[in-house]
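Predicted model, so just to flag it, every value in this text is computed and none were measured. Chain letters run A, B, ... following the sequence lines, proteins first, then strands; residues in each count from 1.
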2 protein chains.
Amino acid sequence: MSIIFSKGCEYGLQAVLYISTLEEGRRILIKEVAEKLQIPVHFLAKILQQLSQKGILKSYKGSKGGFVLGRPPKEIRLIDIVNALDGMSIFTECILGFPGCSTEHPCPVHDKWGKIRTEAYEMLADETIADVKEKSISKIASLGMDS
Amino acid sequence: MSIIFSKGCEYGLQAVLYISTLEEGRRILIKEVAEKLQIPVHFLAKILQQLSQKGILKSYKGSKGGFVLGRPPKEIRLIDIVNALDGMSIFTECILGFPGCSTEHPCPVHDKWGKIRTEAYEMLADETIADVKEKSISKIASLGMDS
DNA sequence: TTGATACAGGATAATGGAGTCTGTTATCGA
DNA sequence: TCGATAACAGACTCCATTATCCTGTATCAA
């Protein structure tokens, strides 16, 4: 079971972070990304497609084709990727699942959860893939290793 | 899509909070809880069953049967309910879905997410259903209303 | 122009969580 | 003791997410 994000969104985040570690302009194949990150190729293909449509990635068909970032790393925030794939409902829905949870009819943990949720949002909105590039590189590097 | 908790866990939290608002010792039927909270009866039955097995609720069979809290409200923390139904994996797994995310091989947001996750844990571990009783009462009261 | 490459995208299949159904067991009251 | 009630237990169905397959289309190079 995945927490918070859908599997597709997790894969999307991983993929974009991976692509951000490559030399600028290098076109990478879906197949390569899938292998590196251990993601089902066809599933990943759809996710990268969605990210292309939203401008987060840019795709090229044909031989010498592949994917590159759609805009400079400094302009791709983690929240952009989440928004493209899962939408923003995580940041609006009640954590207890109560219907109509709002300031007028708050659930028992409305305020406390709201605070935490805001922090989570701000984290995702502050961090660009440029900011975490070094961390991405070392995490990706650790993937092949037998842990 | 439910965030963080499974649907069953959301229902369980709602149900226990609801039961905590009733007069002490009052045995309530699954059917009544399900109606009040708009939860499928049979599904709720299973969830309350699990909570009985963990001692969070206490059940009585037969006519005049029903459910009551398994121990004093002050001794039932929200985290107990979550743990009984969803387990603790939310607090250990990587938010980006990276395998082997740890202090040695942290994902790009390991530290920042860890901080938020700890806050969420502490909130659920601090709050007992006694603490939020008043809030539960007013939230439950708002449920019938056309919002 | 042709063949190979690689993304696009619709259609289909598998999986797991969510929800349903049926029969059993325990308790109460007559 | 018997019938009614209500939780218990587990098998079953349903559906959304996840994953796969296959054909189409764009691009490049020879």
| Charged N to carboxylate O under 4.0 angstrom, B:D86 versus B:K7? | no
| request: Rounded to the nearest angstrom, tell me the gap between atom CZ in B:R27 and atom P in C:dT27. | output: 10 Å
| query | Below 4.0 angstrom from OP1 or OP2 of D:dA19, is there any side-chain N or O of A:Y11? | reply | yes
| remark: By nearest-nucleotide position on DNA chain D, the 5'-leaning member of B:S52 and A:V41 is B:S52
| field | Per A:P40 side chain, nearest of listed nucleotides C:dG29, C:dT20, D:dA19 | value | D:dA19
| said: Please report the distance, rounded to the nearest Å, between CD1 in B:I39 and P in C:dA18. | reply: 13 Å
| field | B:K46 (side chain) and C:dG19 (base): donor-acceptor pair under 3.5 Å | value | yes
| task | State whether A:R71 and A:D80 are salt-bridged, where the test is any N-O pair (Lys NZ or Arg NE/NH1/NH2 against Asp/Glu carboxylate O) under 4.0 Å. | result | yes
| Within the structure shown, what part of the strands sits under 4.0 Å from A:E32 by heavy-atom distance: base, sugar-phosphate, or nothing? | nothing
| message | Using OP1 and OP2 only, check whether a side-chain N or O of B:Q50 sits under 4.0 Å from D:dC8. | response | no
| Looking at the side chain of A:K61, which of D:dA6, D:dA26, D:dA29 is the nearest nucleotide? | D:dA26
| query | According to a strict under-4.0 Å criterion, is B:Q49 in side-chain N/O contact with OP1 or OP2 of D:dA7? | reply | no
| said: What's the closest nucleotide to the side chain of A:S63 if the choices are D:dC28, D:dT5, C:dC7? | reply: D:dC28
| query | Taking OP1 and OP2 of D:dA6, is either one under 4.0 Å from a side-chain nitrogen or oxygen of B:S59? | reply | no
| task | Carefully, step by step, assess A:E23 and A:R26 under the rule salt bridge (charged side-chain N to carboxylate O under 4.0 Å, His left out). | result | CA-CA 6 Å; A:E23 53 177 324; A:R26 154 88 188 284; 5.1 Å; no
| remark: Which of D:dT20, D:dA26, C:dG19 is nearest the side chain of A:F43? It is D:dT20
| said: Considering every strand and a 4.0 Å limit on heavy-atom distances, what is the contact class for B:I30: base, sugar-phosphate, or nothing? | reply: sugar-phosphate
| query | Does the pair A:K112/B:E127 count as a salt bridge with the N-to-O cut at 4.0 Å? | reply | yes
